[in-house]
Amino acid sequence: SIAVGEQQVQTVVASANGELTVPAGTTVSIAGAESTARVGLGELLPEHLPGDLPVASVGAFLFGRGFYVGPADASYSPGIDLDVDAADLKVTTPGAQLFWLDSETGEWAPQQVPVSASGGRLSVAGAITRGGLYAFGVNVATARTVQGRVVDVEGEPVFNAIVKVDHRSA
């Protein structure tokens with residue numbers, strides 16, 4: 001649990017692959033909570049991210065797991081920090097962007113915040129100002145074409161198969 005109102009001490013909430021830091025001095029507001037509330041950090045595998053993921057203007061965005069900052073109606077002022085393991089994205093170049101899923105429109109909205117990439121981790125400092133679902137998209141300048149044939153266990157072709165690469169159907 002975390003106190004509602006101005007935080008007197010720093011609080012760290014961790015999941016298997018991420019860490020949310022609420023610094024001392026941050027004001028936490030949660031609808032209906034008067035004194036304390038549970039703040040949590042959950043994870044979604046990339047294939048479970050809802051909606052249509054954003055498309056990059058050049059190249060492609062590759063998405064790793066999503067991180068749910070709960071409760072959804074929480075707000076933080078100033079914003080809090082999110083640091084995640086991004087080894088699944090094999091981040092070797094700059095170009096990562098943070099996205100937030102707008103629960104009213106169902107659209108992923110880019111967050112205009114600097115993203116740090118170091119040691120297989122992605123982090124944003126003071127960028128999380130509300131609860132909800134967040135995901136990092138890493139821009140890959142050169143998109144690749146995937147070709148092949150879908151076959152069943154006996155090697156026979158499977159017609160009208162749907163193939164997904166990074167949450168996109170083809």
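This one's a predicted model, so the numbers in the text were calculated from it and none came from an experiment. Sequential numbering from 1 along the given sequence is applied to the chain's residues.
Taken from CD in Q7 to OG1 in T27, the straight-line distance is 8.0 Å, to the nearest 0.5 Å.
A donor-acceptor pair under 3.5 Å is absent between the side-chain atoms of D102 and the main chain of G106, judged by distance alone. In terms of modelled atom types and a separation under 3.5 Å, the side chain of W108 and the main chain of A135 share no donor-acceptor contact. With D73 contributing its side chain and R130 its backbone, the two residues share no donor-acceptor pair below 3.5 Å. Judged by distance alone, with hydrogens and angles left aside, the side-chain atoms of E34 form no donor-acceptor pair with the main-chain N or O of G32 at under 3.5 Å.
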Please lay out, stage by stage, how L20 and V39 fare under the test side chain to side chain contact (heavy atoms under 4.5 Å, CB included). CA-CA 9 Å; L20 195 62; V39 172; 4.2 Å; yes

Given L49 and F63, is the side chain to side chain contact (heavy atoms under 4.5 Å, CB included) satisfied, shown in steps? CA-CA 9 Å; L49 292 174; F63 284 85; 4.1 Å; yes

Under the side chain to side chain contact (heavy atoms under 4.5 Å, CB included) criterion, do L44 and F67 qualify, and how do the steps go? CA-CA 6 Å; L44 282 175; F67 290 87; over 6 Å; no

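The shortest side-chain heavy-atom distance between Y134 and L98 falls under the 4.5 Å cut-off.
Under 3.5 Å, the side chains of S15 and E43 contain a donor-acceptor pair of N or O atoms.
The two residues P23 and I80 come nearest to each other via the heavy atoms CD-CG2, 4.0 Å. Residue I30 comes nearest to A74 through the heavy atom pair CG1-CB, 3.7 Å, listed as atom of the first residue, atom of the second, then distance. Minimum interatomic distance between R65 and P46 (heavy atoms only, all atoms of both residues): N-CG, 3.7 Å.
Among the candidates T21, V113, V69, V22, the single residue satisfying the side-chain contact (heavy atoms from CB on, under 4.5 Å) test with I128 is V69.
Between F61 and F99, the two ring planes are perpendicular [angle over 60°; tilted spans 30° to 60°].
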